[in-house]
Amino acid sequence: MRQIYAAVHGVPEGRLCSYGKIAELAGQPGRARYVGRILSQLPSNTQLPWFRIVNSQGKISFPAQSENYQRQLSHLINESSADESGKLFWRQCRWPD
DNA sequence: AAGCTGACGACGT
DNA sequence: CACGTCGCCAGCT
């Protein structure tokens, strides 16, 4: 749990990371769903860069059109990690370079 | 205790 | 590239 937060917090601006990778970095491989559940329960005022987490297909794990989808996309656009069309610039989380 | 449900993932068709 | 399957794990009925 603690580790999950730490892993997410460690994703630098401009980078994207998958749920599975976060779980792995947190020392809990195979628990991608767990990561998703953790993030789903984050308070709206969280400092955690939850929006930098996408699924292994490099896509936002929210149904397009949904509020959440738009919120996440906006953040990513601000970080130049996506364009208006919704396409993400999938730079796998290999930080630090 | 048994089944259902996800902000998931790997693989096959 | 788009689905369908099956495996996965924790929390809630």
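Reckoned from all heavy atoms, side chains included, excluding hydrogens, waters and symmetry mates. All chains are named by letter (A, B, ...) in the order of the sequence lines, taking the proteins before the strands, and each is independently numbered beginning at 1. Here the structure is a predicted model, which means the values were calculated and not measured.
No hydrogens or angles were tested; on distance alone, a donor-acceptor pair under 3.5 Å links the side chain of Tyr19(A) to the base of dA7(B). With hydrogens and angles left out, the side chain of Arg33(A) and the base of dC9(C) share no donor-acceptor pair within 3.5 Å.
For the OP1/OP2 pair of dG6(B) and a distance below 4.0 Å, the side-chain nitrogens and oxygens of Ser40(A) include no atom meeting the criterion. One finds no side-chain N or O of Ser61(A) lying less than 4.0 angstrom from the OP1 or OP2 phosphate oxygen of dA7(B). OP1 or OP2 of dA10(C) lies within a sub-4.0 Å distance of a side-chain N or O belonging to Arg31(A). Between Ser18(A) and dG9(B) there is a side-chain N or O to OP1 or OP2 distance below 4.0 Å.
Across all strands shown, dA7(B) forms no Watson-Crick or G-U wobble pair with both key distances under 3.5 Å.
Ion pairing of Arg31(A) with Glu24(A) is absent here, as no side-chain N (NZ or NE/NH1/NH2) approaches a carboxylate O to less than 4.0 Å.
With Ile53(A) as the fixed residue, the side-chain contact (heavy atoms from CB on, under 4.5 Å) test singles out one of Leu48(A), Leu16(A), Ile60(A), Leu39(A): Leu39(A).
Computed from coordinates, the Ile38(A) CD1 to dC9(C) C1' distance equals 11 Å when rounded to whole Å. When the C1' atom of dG6(B) is taken as reference, atom CG of Asn68(A) falls 14 Å away, rounded to whole Å. Distance, Leu39(A) CG to dA7(B) P: 11 Å, rounded to whole Å. Glu24(A) has its CD atom 17 Å from the P atom of dC8(C), to the nearest Å. Spacing between atom CD of Gln28(A) and atom P of dG9(B) amounts to 15 Å, rounded to whole angstrom units. Here the P atom of nucleotide dC9(C) and the CD1 atom of Ile4(A) are 13 Å apart, to the nearest Å. The separation between Gln57(A) atom CD and dA2(C) atom C1' is 10 Å, rounded to whole Å. The distance from atom CD1 of Ile60(A) to atom P of dG6(B) is 20 Å, rounded to the nearest whole Å.
Nearest nucleotide to the Arg37(A) side chain, out of dG11(C), dG9(B), dA7(B): dG11(C).
Atom CD of Gln72(A) and atom CD of Glu67(A) lie 13.5 Å apart (nearest 0.5 Å).
A perpendicular orientation is assigned to the rings of Trp50(A) and His75(A), their planes being inclined by more than 60° (bins at 30° and 60°).
Spacing between dG6(B) and dG7(C) at atom C1', rounded to whole Å, works out to 14 Å. Here, dA1(B) and dC12(C) have their C1' atoms 13 Å apart, quoted to the whole Å.
Looking at Asp83(A) and Ser85(A), their side chains do bring a donor and an acceptor atom within 3.5 Å of each other.
If you check every strand for non-hydrogen atoms under 4.0 Å, Tyr34(A) touches sugar and phosphate atoms only.
Nearest-nucleotide assignment on DNA chain C puts the 5′-proximal partner with Lys59(A), out of Gly30(A) and Lys59(A).
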